[in-house]
**Student:** 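Got a structure for you, written out below as structure tokens; questions coming shortly.
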Amino acid sequence: GQISVTTFGLGDAGNLTVQADTIEITGLSPSSAFSGLFASTESSGRGGDLVIDADDIRVIDGGIISVATFGAGAGGSIEIQANTMEISGAATDFGGTLNGVTSFVAPASVQSDGNELPPATGNGGGIAITANQLLLSDGGQIDASTFGDGRAGNITLNVNEITLTGLSEVLDDGTQILSRILSSSETDLAAGSIGIVSDRLSIQNGAEIIVSSLSTANAGNLTINTGTIQLNNGGRLLAEVNGGDQGNIRLVADDLLVLRRNSAIITTASGQSTGGNIEIQSPFIVGVPGENSDIVANAVQGNGSNNAITTK
């Protein structure tokens with residue numbers, strides 16, 4: 001099932017507000033359409049906001065919370081308040097879109113009648129989650145990206161305890177999806193930034209947090225302020241930039257930063273980028289010899305990718 005607000009004209013879409021003790025969004029229809037909450041614009045009007053307030057929220061196995069722009073209007077935002085929130089079980093719909101909590105600027109497309117639609121030019125909306133606990137598992141996604149001619153939105157998390165872990169089951173196309181938090185751009189418009197404030201952040205079993213720009217546009221920055229960060233068993237923090245001065249990773253861990261078993265913090269700055277820098281502040285940084293965990297700033301041409309690590 002779906003609940004949605006959309007504008008097709010000059011006026012702005014309305015907002016969709018949901019208040020409940022428990023919210024569970026799950027499942028695909030027989031035609032591979034997601035179940036979920038949607039707000040979008042297909043015109044010059046602004047898309048509506050999704051405002052969700054609940055004690056327990058589960059977005060699983062084909063469920064989605066999504067804002068999008070398909071036109072000139074800006075996409076609305078997602079604002080979530082919860083005690084516990086779970087995003088789990090990656091799935092793709094009939095168009096190949098991943099589920100989870102998403103904000104996107106649509107690419108050019110071809111309708112079923114053969115008409116071509118240009119890429120959206122409105123900017124993407126932001127995603128903001130305030131909670132006590134947040135779990136992303138089995139390919140769970142939080143994604144704010146642009147595939148069109150508008151900027152991607154930012155992701156802001158203010159959560160006491162955050163865990164990202166694991167991969168999805170094998171999808172119909174034979175792939176598996178990592179659990180991840182992602183803000184990216186695949187066009188010449190800027191990606192958004194990711195900001196996290198947390199007491200404990202755990203990224204494990206192949207999960208990732210990524211800011212990325214695949215074009216010459218600015219990538220966003222990844223900024224984390226927390227007590228403890230644990231990267232384990234292939235958990236990674238990544239920033240990729242091909243132009244501009246962003247794509248930086250800044251970590252402040254008041255207590256401890258731990259990297260175990262092939263985990264990594266990596267930036268890659270290509271072209272004329274001056275971004276791709278890593279800044280870490282923590283009293284203790286722990287890595288075990290022989291486990292192949294790394295902190296790496298790569299520069300391909302350009303003057304970006306510098307490391308600054310402070311322990312005190």
**Student:** Hey, does the side chain of S43 reach the backbone of G9 with a donor-acceptor pair shorter than 3.5 angstrom?
**Tutor:** yes
**Student:** Do you know the tightest heavy-atom contact between E208 and L238?
**Tutor:**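 Shortest heavy-atom contact: OE2-CD1, 3.8 Å.
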**Student:** Between T84 and D56, do the side chains contain an N or O donor and an N or O acceptor separated by less than 3.5 Å?
**Tutor:** yes
**Student:** To check you understand the geometry: which heavy-atom pair defines the closest contact between I249 and L237, and what is its length?
**Tutor:** CD1-O, 3.9 Å
**Student:** Determine whether N154 and I194 make a side-chain contact, defined as any pair of heavy atoms from C-beta on separated by less than 4.5 Å.
**Tutor:**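 Contact flag for N154/I194 side chains = no.
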**Student:** Hydrogens and angles aside, do S184 and S145 bring a side-chain donor and acceptor to less than 3.5 Å of each other?
**Tutor:** yes
**Student:** With no hydrogens and no angle check, do the side chains of N205 and T165 hold a donor and an acceptor under 3.5 Å apart?
**Tutor:** yes
**Student:** Any chain of hydrophobic side-chain contacts (each under 4.5 Å) joining V18 to I78?
**Tutor:**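 In one cluster with V18: I78, yes.
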**Student:** Run the side chain to side chain contact (heavy atoms under 4.5 Å, CB included) test against R200 and tell me which residues pass, sequence neighbours left out.
**Tutor:** E161
**Student:** Can a side-chain donor-acceptor contact be found between S4 and Q2 if the only test is distance below 3.5 angstrom?
**Tutor:**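 There is no such pair between these side chains.
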**Student:** So, T69 side chain and G75 main chain: donor-acceptor pair closer than 3.5 Å or not?
**Tutor:** no
**Student:** Is it true that a side-chain atom of S168 and a backbone atom of G139 form a donor plus acceptor pair closer than 3.5 Å?
**Tutor:** no
**Student:** Tell me, with the steps shown, if L164 and I209 meet side-chain contact (heavy atoms from CB on, under 4.5 Å).
**Tutor:** CA-CA 9 Å; L164 288 77; I209 301 178; 3.9 Å; yes
**Student:** Test your reading of the model: is there a side-chain donor-acceptor pair from S103 to the backbone of A144, 3.5 Å cut-off?
**Tutor:**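 No; judged by distance alone, with no hydrogens or angles, the pair does not exist.
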**Student:** Flag the pair T228 / T226 as yes when at least one side-chain heavy-atom distance between them is below 4.5 Å, and no otherwise.
**Tutor:** no
**Student:** So if I apply the side-chain contact (heavy atoms from CB on, under 4.5 Å) rule between I229 and each of L257, I196, I280, which one comes out positive?
**Tutor:**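 Exactly one candidate clears the test, L257.
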**Student:** Distance-only, no hydrogens or angles: does the N242 side chain make a donor-acceptor pair with backbone N or O of S213 under 3.5 Å?
**Tutor:** yes
**Student:** Do I3 and I52 belong to the same hydrophobic cluster, where Ile, Leu, Val, Met, Phe, Trp and Tyr are linked whenever their side-chain heavy atoms lie under 4.5 Å apart, directly or via other members?
**Tutor:** yes
**Student:** Given I295, which of T267, I266, L251, I265 fulfils the side-chain contact (heavy atoms from CB on, under 4.5 Å) condition?
**Tutor:**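 Exactly one option meets the side-chain contact (heavy atoms from CB on, under 4.5 Å) with I295, and it is I265.
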**Student:** If you take all heavy atoms of A20 and I23, which pair is closest and at what distance?
**Tutor:**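 Shortest heavy-atom separation between A20 and I23 comes out as CB-CG1, 3.9 Å.
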**Student:** Does the side chain of N221 pick up a donor-acceptor pair with the side chain of Q246 at under 3.5 Å?
**Tutor:**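 Checked: N221/Q246 side chains pair up, N/O donor to acceptor below 3.5 Å.
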**Student:** Return the OG to CG distance between S212 and L222, rounded to the nearest 0.5 Å.
**Tutor:**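 Answer rounded to 0.5 Å: 12.0 Å.
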**Student:** Of all the heavy-atom pairs spanning L134 and I87, show the shortest one and how long it is.
**Tutor:**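 Here L134 and I87 meet closest at CD1-CD1, 4.3 Å.
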**Student:** Run the side-chain contact (heavy atoms from CB on, under 4.5 Å) check on L201 and I224 step by step: do they pass?
**Tutor:** CA-CA 9 Å; L201 173 62; I224 299 173; 3.8 Å; yes
**Student:** Do I57 and L16 belong to the same hydrophobic cluster, where Ile, Leu, Val, Met, Phe, Trp and Tyr are linked whenever their side-chain heavy atoms lie under 4.5 Å apart, directly or via other members?
**Tutor:**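 Same cluster.
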**Student:** Rounded to the nearest 0.5 Å, what separation is found between the CG atom of L37 and the CD1 atom of I65?
**Tutor:**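 So the gap between those two atoms works out to 5.5 Å.
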**Student:** Are F147 and I210 co-members of a hydrophobic cluster defined by side-chain heavy atoms under 4.5 Å apart?
**Tutor:**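 Unlinked, I210 and F147 end up in two clusters.
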**Student:** Can you tell me how far the CZ atom of R151 sits from the OG1 atom of T187, to the nearest 0.5 Å?
**Tutor:** 11.0 Å
**Student:** Are N123 and V105 close enough that some pair of their side-chain heavy atoms sits under 4.5 Å apart?
**Tutor:**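 Answer no - side chains too far apart.
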**Student:** For residues I127 and D143, determine if any side-chain heavy atom of one lies less than 4.5 Å from a side-chain heavy atom of the other.
**Tutor:** no
**Student:** Is there side-chain contact between Q204 and Q230, with heavy atoms separated by less than 4.5 Å?
**Tutor:**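 In short, these two side chains do not touch, never coming nearer than 4.5 Å.
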**Student:** What closest approach, in Å, do A253 and P283 show between heavy atoms, and which atom pair accounts for it?
**Tutor:**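 For A253 versus P283, the nearest heavy atoms are O-CD, 3.2 Å.
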**Student:** Assess the residue pair M85 and V101 against the criterion (side-chain contact (heavy atoms from CB on, under 4.5 Å)); give the C-alpha distance rounded to whole Å, side-chain angles, the decisive distance to 0.1 Å, and a yes or no.
**Tutor:** CA-CA 11 Å; M85 183 169 187; V101 177; 3.8 Å; yes
**Student:** Is the shortest side-chain N to carboxylate O distance from D49 to R46 below 4.0 Å?
**Tutor:**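 Yes, D49 and R46 are salt-bridged.
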**Student:** Under a 4.5 Å cut-off applied to non-hydrogen side-chain atoms, are L157 and I181 in contact?
**Tutor:**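 Of all side-chain heavy-atom pairs linking I181 with L157, at least one is under 4.5 Å.
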**Student:** So T102 and S66, side chain to side chain donor-acceptor pair (under 3.5 Å) or not? Walk me through it.
**Tutor:** CA-CA 5 Å; T102 69; S66 176; 3.2 Å; yes
**Student:** Does any donor atom in the side chain of S179 or S137 lie under 3.5 Å from an acceptor atom in the other side chain?
**Tutor:** no
**Student:** Return the CG to CG distance between D254 and N225, rounded to the nearest 0.5 Å.
**Tutor:** 7.5 Å
**Student:** Is there a donor-acceptor contact under 3.5 Å from the side chain of S88 to the main chain of I60?
**Tutor:**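 Side chain of S88 to backbone of I60: no pair is present.
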**Student:** Would a single hydrophobic cluster contain both V5 and V51, if residues Ile, Leu, Val, Met, Phe, Trp and Tyr are joined by side-chain heavy-atom contacts under 4.5 Å?
**Tutor:** no
**Student:** To the nearest 0.5 Å, what is the distance between CG (D55) and OG1 (T22)?
**Tutor:** 6.5 Å
**Student:** Pairing donors with acceptors under 3.5 angstrom, does anything connect the side chains of Q81 and E79?
**Tutor:** no
**Student:** Which residue, F8, F38, F104, forms the ring-ring contact (aromatic ring centres under 6.0 Å, His included) with F70?
**Tutor:** F104
**Student:** Donor-acceptor pair, N99 side chain versus A91 backbone, under 3.5 Å?
**Tutor:** yes
**Student:** Just by modelled atom types, is the V159 backbone N or O under 3.5 Å from a matching donor or acceptor in the S198 side chain?
**Tutor:** yes
**Student:** Return yes if some donor-acceptor pair links the side-chain N/O of T41 with the main-chain N/O of G73 below 3.5 Å, else return no.
**Tutor:**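 Answer holds: no.
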**Student:** Is the backbone N or O of G192 less than 3.5 Å from a side-chain atom of S183, with the two atoms forming a donor-acceptor pair by type?
**Tutor:**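 Looks like yes, one N/O pair under 3.5 Å.
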**Student:** To the nearest 0.5 Å, tell me how far I177 CD1 sits from Q141 CD.
**Tutor:**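 Result: 6.5 Å between the selected atoms.
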**Student:** Verify whether one side chain among N233 and R261 offers a donor that lies under 3.5 Å from an acceptor in the other.
**Tutor:**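 There is no such pair between these side chains.
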**Student:** Please test R180 against L98 for side-chain contact (heavy atoms from CB on, under 4.5 Å), starting from the C-alpha separation and ending with a verdict.
**Tutor:** CA-CA 12 Å; R180 64 183 180 179; L98 276 170; 4.0 Å; yes
**Student:** Does a side-chain heavy-atom distance below 4.5 Å link T7 with D12?
**Tutor:**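 Heavy-atom side-chain distance check fails, nothing below 4.5 Å.
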**Student:** Do the non-hydrogen side-chain atoms of T268 and V241 ever get within less than 4.5 Å of each other?
**Tutor:** no
**Student:** Quick check: are there more than 12 heavy atoms from other residues, nucleotides or ligands sitting under 6.0 Å from CD of Q176?
**Tutor:**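 More than 12 heavy atoms, drawn from other residues, nucleotides or ligands, come within 6.0 Å of this atom.
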**Student:** Please name the pair of heavy atoms, one in P119 and one in D149, separated by the smallest distance, quoted to 0.1 Å.
**Tutor:** CG-OD2, 3.4 Å
